[in-house]
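Data first, discussion second: the structure below is written as structure tokens.
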There are 2 protein chains.
Amino acid sequence: MNLVTIAQASAITGVSAKMIRHYESIGLIKAPLRTENRYRHYSEAELHELGFIRRSRDLGFSFEDIRQLLSLWRDKARSSAEVKAIALRHVQELDQKAAALEAMSRTLKSLAATCHGDDRPDCPILEALDLPDKEVSQSDP
Amino acid sequence: MNLVTIAQASAITGVSAKMIRHYESIGLIKAPLRTENRYRHYSEAELHELGFIRRSRDLGFSFEDIRQLLSLWRDKARSSAEVKAIALRHVQELDQKAAALEAMSRTLKSLAATCHGDDRPDCPILEALDLPDKEVSQSDP
DNA sequence: CTTGACCTTCCTATGATGGGATACCCATAT
DNA sequence: ATATGGGTATCCCATCATAGGAAGGTCAAG
């Protein structure tokens, strides 16, 4: 049983020590054993769990999602349908957010395209922000 | 000179009263005149400014960006190049964020595609979160 | 005169993360 | 023995944009 300190756990899993303590405080992981100094130390299984969390975060899952994924992960008898449902719902959210950002980007790009970008003051970008009525075209090229 | 209350200003500009007060507190807009009751009241020009801010926020600009845009907007002698630079930097940020979300979405979609999604427990999604080595494919279709 | 609908200020929360202060524990170098 | 330096503990505060609520003042209509 390899026991490691929080700094080592951080280096191994890529989760900052700050965040490891935070996960514990919000009950995402359970409190690890302590040495006599009250220093936290982590077992292989706990490191594995932290890695799972980091990879979930890398995929943009929220803590609430991760809480559910972790419980499904621990449950050997889970149905893959439950996991897939969480993943697909998240995919939908990701796609929506990406689409929203792209719409903003497209609008700004088309405004910037008609802006001289020189010393003269006239600027379609400011005009679009100025005038409510002159609806910003969502440019469908 | 039409003077309106904060609730009317909110209805007209689409900025919540909460946020209007907040913009004032962080110095994004200057403090409006008050009636004898200490009620804020807004002029046409101030409503216009609030509308400008809302449209900027709709395009995803941060308060810091908006602060700069507002000052350029007020400055009749600004160069359009300055405005364009802010807009294009923002476009770059938007595109980066969108790309990151799309990468997550693509990964999850490809994992979900190979997940049965039935009563059986085996699930490639959980396996990918489980295994650090089995690098999650970024699927280049 | 009360009711209800405004307005005011101040405090708190969100979600995920970072930063810092203060104090304790421990090993190594002097 | 002790000073130095580095890891750890807890606690508080900050971010960004927004929302909720409490507690109290103001006003018009019933």
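Quick note on labels: first sequence line is chain A, next is B, and so on, each numbered from 1.
- Taking side-chain N and O atoms only, B:N37 has a distance below 4.0 Å to OP1 or OP2 of D:dC27.
- Using a 4.0 Å heavy-atom cutoff across all strands shown, A:R40 reaches sugar-phosphate atoms only and no base atom.
- One distance of note links CD of A:Q68 with CG of A:L72; it measures 7.5 Å at 0.5 Å rounding.
- When the C1' atom of D:dG6 is taken as reference, atom CD of A:Q8 falls 13 Å away, rounded to whole Å.
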Inset, instruction - Let me have a per-nucleotide readout for nucleotides 12-25 of chain D, 5' to 3', with B, S or -, counting only protein heavy atoms under 4.0 Å. - result: -----SBSBB---B
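- At distances below 3.5 Å, at least one donor-acceptor pair connects side-chain atoms of A:R54 with backbone N or O atoms of A:T13.
- Across every non-hydrogen atom of A:M104 and B:L94, the tightest pair is CB-CD1, 3.8 Å.
- Not one N or O on the side chain of B:H116 forms a donor-acceptor pair closer than 3.5 Å with the backbone of B:C123.
- The cluster map of Ile, Leu, Val, Met, Phe, Trp and Tyr, joined by side-chain heavy atoms under 4.5 Å apart, puts A:L88 and A:L59 in different clusters.
- Taking the side chain as every heavy atom from C-beta outward, A:L69 and A:F61 approach each other to under 4.5 Å.
- Taking the six-membered ring for Trp and thresholds of 30 and 60 degrees, B:H22 and B:F63 have ring planes inclined between 30 and 60 degrees apart.
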Inset, instruction - Could you please spell out the steps behind the side-chain hydrogen bond (donor to acceptor under 3.5 Å, both in side chains) verdict for B:S43 and B:E46? - result: CA-CA 5 Å; B:S43 67; B:E46 289 166 315; 3.2 Å; yes
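- The side chain of A:R38 contributes an N or O atom lying less than 4.0 Å from OP1 or OP2 of D:dT10.
- Boundaries of the chain A contact region on DNA chain C are C:dA16 to C:dC26, first to last in 5' to 3' order (nucleotide atom under 4.0 Å from a heavy atom).
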